[in-house]
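Below: the structure, in structure tokens.
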Amino acid sequence: MKLAIPKETLDGEARVAASPDSVKKLTGLGLDVTVETGAGAGANFSDDAFKEAGASIAGSAADALKDADIVFKVRGPDESELGLFKKGTMLAAIVNPYNNRERVKAYAEAGILAYAMEFMPRITRAQSMDVLSSQSNLSGYKAVIDAAATYGRALPMMMTAAGTIAPARVFVFGAGVAGLQAIATAKRMGAIVSATDVRAATAEQVNSLGADFIMVEADEGDTGETSGGYAKEMSEDYKRRQAELIASHIKKQDIVITTALIPGRPAPVLVTEEMVQSMKPGSVIVDLAVEQGGNCPLSEVGKVVEKHGVTLMGHTNVAGRLPADASSLYARNLVNFITPLIDKESKQLAIDWEDEIITGTLLTKDGAVVHPALLEGGN
């Protein structure tokens, strides 16, 4: 079977869906891997490195995708790319289905089997396939690095002959993968760190990293999370009480990093304009939810702006700004996803359509959209 790795076409996307190491593993499964020339340039993976790992190099996307049985991409293909796929091709990519429903319909009409890697169920055996975790981990790290580079003071306490520099205070919204990595990174850099999350169960993780957990009492019987482990939208009373607590806490902070997302919905507003106005001049807010509307309404997509004396960083594709590591981790996710789907004897796809990993990620099959979340009545 032929597996194709085309070059990403989205402006600014430097990641690639394979690494030389993943190519070795894929060819070891019996797959014929073809990589479009220059596909790995943004991540510093050369054509020669892919070739040495066992891949063929195609001169164009059309050549790479021609007769491909499986296609790995970072971003879901657009209409121009889709025309290069043959009917029945298996696609694995980060599709962003909620915001690209028409494109998902086009995948169905093209007759391809499209899998959304970001829909990977959060179960133990799928952890090594979880692209949200692998990419969010890097986003949380990069958020702190970006904030530290922009903040006009040092993060750790410094005792010098000329006097003592107080440590910076970093406040993290959301204790998921990105938030926990942000906490850990800020602590390593010497900051005083605090964090909040609607899920009470995350308090232990936050405290274990040396940060203070800030949270109001939840509504009775409400864990703050969905059955899938994601943060859920809380009651209006909870939001009011949380906003009051955050307002008193945020005015003392130097750096704020927001990571809160609710799958299939706009990002919740957590940092209001009034809160921004209360912060000290020179403070920094990094809004990792900016592409979903932002946790702060003053954030601007793809821009770094200053408002009320506070710098707001709205970088998009934050993990993609560390393309070599982001690509390597994503490529491993894909290898771990495809490995159990390849029959060891025939070297062909042998998919169990009832498997929870398949039902959780499969968007289109037999010319139709099949994922429950995208059907009538879904999110």
Side-chain angles (χ1 to χ4, degrees), residues 1 3 17 22 25-26 29-31 69-76 88-101 103-105 107-108 111-137 175-178 180 199 201-202 205 223-233 261-265 319 329-379:
M1 288 190 299
L3 187 152
S22 77
K25 291 180 170 62
L26 293 169
L29 293 173
L31 296 169
D69 302 291
I70 304 169
V71 176
F72 284 171
K73 282 183 90 315
V74 177
R75 306 280 188 158
T89 299
M90 172 185 174
L91 165 72
I94 300 172
V95 180
N96 193 11
Y98 291 124
N99 295 327
N100 288 305
R101 291 176 185 258
R103 186 176 291 183
V104 173
K105 289 180 182 177
Y107 295 166
I112 67 174
L113 292 163
Y115 294 82
M117 293 301 294
E118 68 267 51
F119 274 11
M120 190 64 62
R122 291 196 158 177
I123 56 177
T124 301
R125 64 190 175 91
Q127 287 181 343
S128 65
M129 312 171 195
D130 189 345
V131 303
L132 289 182
S133 292
S134 71
Q135 303 303 292
S136 295
N137 193 55
V177 174
L180 291 173
R199 297 165 293 181
T202 61
Q205 294 172 292
T223 63
E225 60 184 323
T226 66
S227 58
Y230 294 98
K232 59 174 283 191
E233 189 160 6
L261 290 169
I262 299 174
R265 298 186 183 182
L329 293 178
Y330 181 63
R332 290 175 201 165
N333 293 145
L334 290 171
V335 169
N336 293 330
F337 175 61
I338 199 67
T339 297
L341 307 184
I342 304 293
D343 183 85
K344 293 181 180 179
E345 299 296 328
S346 67
K347 306 299 182 182
Q348 299 295 309
L349 284 170
I351 298 173
D352 176 3
W353 300 107
E354 302 302 317
D355 188 294
E356 188 175 358
I357 290 173
I358 300 302
T359 60
T361 56
L362 182 63
L363 301 181
T364 60
K365 181 188 178 188
D366 297 330
V369 177
V370 297
H371 198 284
L374 302 179
L375 298 176
E376 188 99 15
N379 288 334

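Taken from CE in Met129 to CD1 in Ile123, the straight-line distance is 7.5 Å, to the nearest 0.5 Å. Here Leu362 contributes atom CG and Asp355 contributes atom CG; the two are 11.5 Å apart, rounded to the nearest 0.5 Å. Ile351 CD1 to Ile357 CD1: the interatomic distance, rounded to the nearest 0.5 Å, is 12.0 Å. The CG atom of Leu363 lies 12.5 Å from the CZ atom of Arg103; values are rounded to the nearest 0.5 Å. Here the straight-line distance linking atom NZ of Lys25 with atom CZ of Arg332 works out to 7.5 Å at 0.5 Å rounding. Distance check, rounded to the nearest 0.5 Å: CG of Asp352 to CG of Leu341 gives 9.5 Å.
With Tyr115 contributing its side chain and Gly360 its backbone, the two residues share no donor-acceptor pair below 3.5 Å. For Gln348 (side chain) and Met1 (main-chain N/O), no donor-acceptor pair under 3.5 Å exists by modelled atom type. Side chain of Asp69 to main chain of Thr89: no donor-acceptor pair is present (N/O by atom type, distance under 3.5 Å, no hydrogens or angles).
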task: Could you walk me through whether Leu3 and Leu29 pass side-chain contact (heavy atoms from CB on, under 4.5 Å), step by step?
output: CA-CA 11 Å; Leu3 187 152; Leu29 293 173; over 6 Å; no
message: What verdict does the side-chain contact (heavy atoms from CB on, under 4.5 Å) test give for Phe72 and Ile338, after you've listed the backbone C-alpha separation in whole Å, the side-chain angles of each residue and the deciding distance to 0.1 Å?
response: CA-CA 10 Å; Phe72 284 171; Ile338 199 67; 3.9 Å; yes
Full working for side-chain contact (heavy atoms from CB on, under 4.5 Å) between Asn100 and Arg75: CA-CA 11 Å; Asn100 288 305; Arg75 306 280 188 158; over 6 Å; no
- request: Apply side-chain contact (heavy atoms from CB on, under 4.5 Å) to Arg101 and Val369, showing your working.
  value: CA-CA 10 Å; Arg101 291 176 185 258; Val369 177; over 6 Å; no
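Ser133 meets the side-chain contact (heavy atoms from CB on, under 4.5 Å) test with Arg122, Asp130, Val177; sequence neighbours excluded. For the salt bridge (Lys or Arg N to Asp or Glu O under 4.0 Å) test, no residue two or more places apart in sequence or in another chain qualifies with Asp343. For Tyr107, the ring-ring contact (aromatic ring centres under 6.0 Å, His included) test picks out no residue, with sequence neighbours left out.
With a 4.5 Å cut-off on side-chain heavy atoms, Ile342 and Leu349 count as touching. Looking at Val131 and Phe337, their side chains never come closer than 4.5 Å, going by heavy atoms from C-beta outward.
Across all their heavy atoms, Ser134 and Asn333 have their closest contact at OG-OD1, 2.7 Å. Summarising the geometry of Ala92 relative to Leu334, their closest heavy-atom pair is CB-CD2, 3.9 Å, with the distance given to 0.1 Å. Nearest approach of Val370 to Thr364, heavy atoms of both residues: CG2-N, 4.0 Å. Smallest separation of non-hydrogen atoms from Arg199 and Ala175: NH2-C, 3.7 Å. Between Pro97 and Leu374 the shortest heavy-atom distance is CB-CD1, 3.8 Å. Residues Trp353 and Thr359 come closest through the heavy atom pair O-CG2, 3.3 Å.
By the 30° and 60° cut-offs, the orientation of the rings of Phe119 relative to His371 is tilted.
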